[in-house]
Amino acid sequence: MSIEVKNITKLYGNQKAVNAINFKINKGEIVGFLGPNGAGKSTTMKIITGYVSASEGEVNVCGLAINKQTIEAQKQIGYLPEHNPLYLDMYVKEYLLFNASIYKVPKSEVDVIIEKVKLTPEAHKKISQLSKGYRQRVGIAAALLHNPEVLILDEPTTGLDPNQLVEIRSLIKEVGKDKTVLFSTHIMQEVEAVCDRVILISKGEIVADKNLKELKENQAQVIEVEFDLKIEKQFVKRIEHIVEVDNFHDTSWTLTFNTTTDMRSKVFDFAHENGLKILQLNTKNKNLESLFRELTT
Ligand code: ADP
Ligand code: MG
């Protein structure tokens, strides 16, 4: 087990930023930590990395208690904090060499990491001269230098332009091949693009912890259909697996089904059996984003 969060609560004054949360992350997983601003993502990550102590509860990283075996546990953690604090006046390579000396990592590692995060063309520039995307690479490089098992990335893609976004996502995927990664974001698509699993946090509480596959399978299936004639709602309700029927316009219906089986042919059968013609038919899967909104509002 790479990360174990057991019943963590964090109080700032009398405000509960995080309320009795629990999760476990296995070695090698890439997990998205998703939640709106102020949900408690950064607080949780600061507790996992040992930068802030929990008011209650326990965290183990690679089997080491973060509040007791702090240094040993931190050796297993690479952390990219929110807003990626860097020394802007330092050169990329200089900054990474400085980090290597702090971590007592051989200098030769710096070139390996620069190559790995594809910073080679920028390695001789000042950090202040880099675009946001390349600054994130420097932050990720610094987090990777001591070859930790666990990577904690706090909103690594926030503020990036679309091209940089794609590149940083694929970098996270790439480094995630041999690491355990927990990365936070407030954007659902981010999770879909990178992760196998999502932990959803809202108002300091975990509201969902699911495999993405499972989450997609559990989505409702919505079919919008227009018949040529007006019909009674009771009729429509006879179609199997139907859970919700909405007559949004004269002869147009929104049908919600609780099955993953494609229900379009059943709707055609229904029309045929009742002497109706279908003028239009669309399927609209409820996307993950609406699920996210449902769970967090
Ligand atoms: P997120 O990273 O999901 O946006 P945070 O963990 O930063 O959320 O914040 C969770 C809650 O705790 C917010 O209401 C925030 O205002 C509050 N908070 C965070 N840090 C502090 C702090 N140092 N002092 C007081 N309140 C804080
Ligand atoms: Mg945050």
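Every number for a ligand or one of its atoms is a count from 1 in the order of the listing.
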For [atom], what is the nearest protein heavy atom, given as residue, atom name and distance?
{"atom": "atom 4 (O) of ligand 1", "result": "Gly38 N, 2.7 Å"}
{"atom": "atom 5 (P) of ligand 1", "result": "Thr43 OG1, 3.6 Å"}
{"atom": "atom 12 (O) of ligand 1", "result": "Ala17 CB, 3.3 Å"}
{"atom": "atom 23 (N) of ligand 1", "result": "Tyr12 CE2, 3.6 Å"}

[X]/[Y] ion pair, N-O < 4.0 Å:
{"X": "Lys41", "Y": "Asp154", "result": "no"}
{"X": "Glu115", "Y": "Lys118", "result": "no"}
{"X": "Glu94", "Y": "Lys126", "result": "no"}

Region of Ser184 engaging ligand 1 - heavy atom pairs below 4.0 Å: neither
Of the side chain and backbone of Gln15, name the one, both, or neither that has a heavy atom under 4.0 Å from an atom of ligand 1.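 The side chain, only.
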Near the Mg ion (ligand 2), is there an N/O/S atom from Thr43 that is less than 2.8 Å away? no
Could you list the atoms of ligand 1 found under 4.0 angstrom from a heavy atom of [X]?
{"X": "Asn37", "value": "4 (O)"}
{"X": "Pro36", "value": "3 (O)"}
{"X": "Ser42", "value": "1 (P), 2 (O), 6 (O), 7 (O)"}

Side chain to side chain donor-acceptor pair (under 3.5 Å) between Glu155 and Thr185, intermediate numbers included: CA-CA 5 Å; Glu155 306 228 10; Thr185 172; 5.5 Å; no
With only distance considered, is Glu82 within less than 3.5 Å of ligand 1 through an N or O on each side? no
Would Gly40 count as a polar contact of ligand 1, with the cut-off being nitrogen or oxygen pairs under 3.5 Å? yes
Does atom 16 (O) of ligand 1 have any protein heavy atom closer than 4.0 Å? no
Does Lys10 make a cation-pi contact with Tyr12, if we ask for NZ or CZ under 6.0 Å from the ring centre and within 45° of the axis? yes
Identified side-chain contact (heavy atoms from CB on, under 4.5 Å) partner of Phe257 from the options Val243, Ile239, Val222: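 Running side-chain contact (heavy atoms from CB on, under 4.5 Å) over Val243, Ile239, Val222 with Phe257 returns exactly one hit, Ile239.
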Check for a donor-acceptor pair, side chain of Lys27 on one end and backbone N or O of Val150 on the other, with a separation under 3.5 Å.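 No, because the side chain of Lys27 does not come within donor-acceptor range (under 3.5 Å) of the backbone of Val150.
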Pairs in or reaching into residues 194-208: which pass side-chain hydrogen bond (donor to acceptor under 3.5 Å, both in side chains), with residues at least two apart or in two chains? Asn19-Glu205, Glu29-Arg197, Arg197-Asp209
Would Tyr51 and Tyr79 count as a close aromatic pair, with their ring centres under 6.0 Å?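 So the answer is yes for these two rings.
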